[in-house]
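The block underneath contains the structure these notes are about, expressed in structure tokens.
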Amino acid sequence: MTTVPHFTVADSAEDPDADIWFAEPAGFTAVPLDALLPPPGSPAAGDLRAVLAPLLQAAPDESTRQRFIAQLAQGQQLLGALREEGTVHCSIGLHRDDVGEDAVRDGRPLLSFFTVSWRVTAVAPRAVTAARAVTGLDTQTRVEYAELPCGPVTFSENVLAPKAVGGLPRTPLIQFRAHLPHPDCKRLAVFTLSAAAVDRRDQYRAVLRQIATLATFDNPLRSASPEAS
């Protein structure tokens, strides 16, 4: 018996200005960039205040309320920095570890962070752009080239060891990237998946490859509609 895959179509898939379409596996929740980073004085800014008002009113005391506001501001700063780097989508992944062999590790929650960003590139054939994207990386970086339905793609992955700052633990972070040149040969979509569970690199590598394999630069909803035939 074959199980038909289930997809939930996000509203952004209907955006007439969309340039790329992709599917995330279950367990990822999109972060609403536009809703959390509205222009000052815009209707969207008013909507955000209206949504946050009940949360602020429910705070047990003023100290808790101020901590919530400060944490929200820090989150907005992070998202703003990502947007300045060309990020158009980000989501948080939460999965339960079902690979561990001992009872202590089985079932631990695994967090990850997925982003889609655009980079302007010099005009060149797509295969050349894909190769350039991984040129000059650290010698410890794992690199792979693949021909996928969306075209040539290069994958890279490396482990980052953050510097000790403010007494925070130096937890290694593994980062996977898929570099997908756009058919216009002028820009590059970069899928980035980051996670602290370095020992689950095989599983996260497979997740990113699945997302890249399903990615397309042609609207799949339009091509599937009766009018398109």
Side-chain angles (χ1 to χ4, degrees), residues 6-18 20-100 103-118 160 162-176 191-198 200 203-204 207-208 211:
H6 175 75
F7 294 92
T8 299
V9 180
D11 293 340
S12 59
E14 301 285 359
D15 186 347
D17 296 323
I20 190 169
W21 289 259
F22 56 92
E24 295 174 329
F28 283 90
T29 301
V31 177
L33 282 173
D34 292 337
L36 291 173
L37 296 172
S42 66
D47 293 340
L48 179 59
R49 286 193 297 271
V51 170
L52 294 176
L55 297 176
L56 295 175
Q57 294 171 0
D61 51 55
E62 184 61 24
S63 176
T64 302
R65 188 176 298 109
Q66 292 303 320
R67 284 200 303 271
F68 175 82
I69 294 175
Q71 291 173 353
L72 176 63
Q74 289 178 349
Q76 288 177 312
Q77 290 178 352
L78 172 60
L79 295 177
L82 289 173
R83 175 172 278 181
E84 289 179 359
E85 294 297 321
T87 299
V88 295
H89 171 85
C90 60
S91 57
I92 297 174
L94 177 60
H95 300 87
R96 188 172 296 281
D97 187 357
D98 59 359
V99 180
V104 176
R105 295 172 61 83
D106 279 353
R108 63 170 173 163
L110 300 177
L111 282 171
S112 58
F113 192 61
F114 174 69
T115 63
V116 177
S117 305
W118 284 103
L160 307 175
K163 298 179 180 178
V165 178
L168 296 176
R170 298 185 60 187
T171 303
L173 182 74
I174 189 163
Q175 204 163 63
F176 304 86
F191 292 179
T192 304
L193 181 61
S194 306
V198 177
R200 294 292 173 260
Q203 288 72 32
Y204 280 117
V207 168
L208 184 62
I211 296 174

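We use all heavy atoms of the structure for the numbers below, so side chains are in, but hydrogens, waters and symmetry mates are not.
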Practice prompt. Report the distance from atom CG of Leu193 to atom CZ of Phe28, rounding to the nearest 0.5 Å.
Written response: 5.0 Å
Practice prompt. Find the distance between CG (Leu36) and CG (Leu72) and round it off to the nearest 0.5 Å.
Written response: 7.0 Å
Worksheet item: Are the side chain of Gln175 and the backbone N or O of Thr192 linked by a donor-acceptor pair below 3.5 Å?
Response: no
Discussion item. Holding to side chain to side chain contact (heavy atoms under 4.5 Å, CB included), I want the full list of residues that pass it with Ala44, two or more places apart in sequence or in another chain.
Written reply: Pro38, Ser42
Discussion item. Quick one, Thr29 and Leu94 - any side-chain contact, counting heavy atoms below 4.5 Å?
Written reply: no
Worksheet item: Could you give the distance from OG (Ser117) to CZ (Phe191), rounded to the nearest 0.5 Å?
Response: 10.0 Å
Worksheet item: CH2 of Trp118 to CD1 of Ile20: how many Å apart, nearest 0.5 Å?
Response: 5.0 Å
Fill in: Residue pair Phe176 / Val207, side-chain heavy-atom distance below 4.5 Å
no
Practice prompt. Mind jotting down which residue pairs meet the salt bridge (charged side-chain N to carboxylate O under 4.0 Å, His left out) criterion with at least one end in residues 43-66? Sequence neighbours excluded, please.
Written response: Glu62-Arg65
Response to the item:
Value for CG (Leu33) from SG (Cys90), rounded to nearest 0.5 Å, stands at 4.0 Å
Practice prompt. Enter the distance from Arg200:CZ to Ile174:CD1 here, rounded to the nearest 0.5 Å.
Written response: 12.0 Å
Worksheet, complete the sentence: Of all heavy-atom pairs linking Ala197 and Arg108, the shortest is CB-NH2, 4.3 Å
Worksheet item: Do the side chains of Gln76 and Leu37 get nearer than 4.5 Å, heavy atoms only?
Response: yes
Worksheet entry | side chain to side chain contact (heavy atoms under 4.5 Å, CB included) between Ile69 and Leu52, intermediate numbers included | CA-CA 10 Å; Ile69 294 175; Leu52 294 176; over 6 Å; no
Discussion item. Ignoring hydrogens, what is the shortest heavy-atom contact between Ile211 and Ala23? Give both atom names and the distance.
Written reply: CG1-O, 3.6 Å
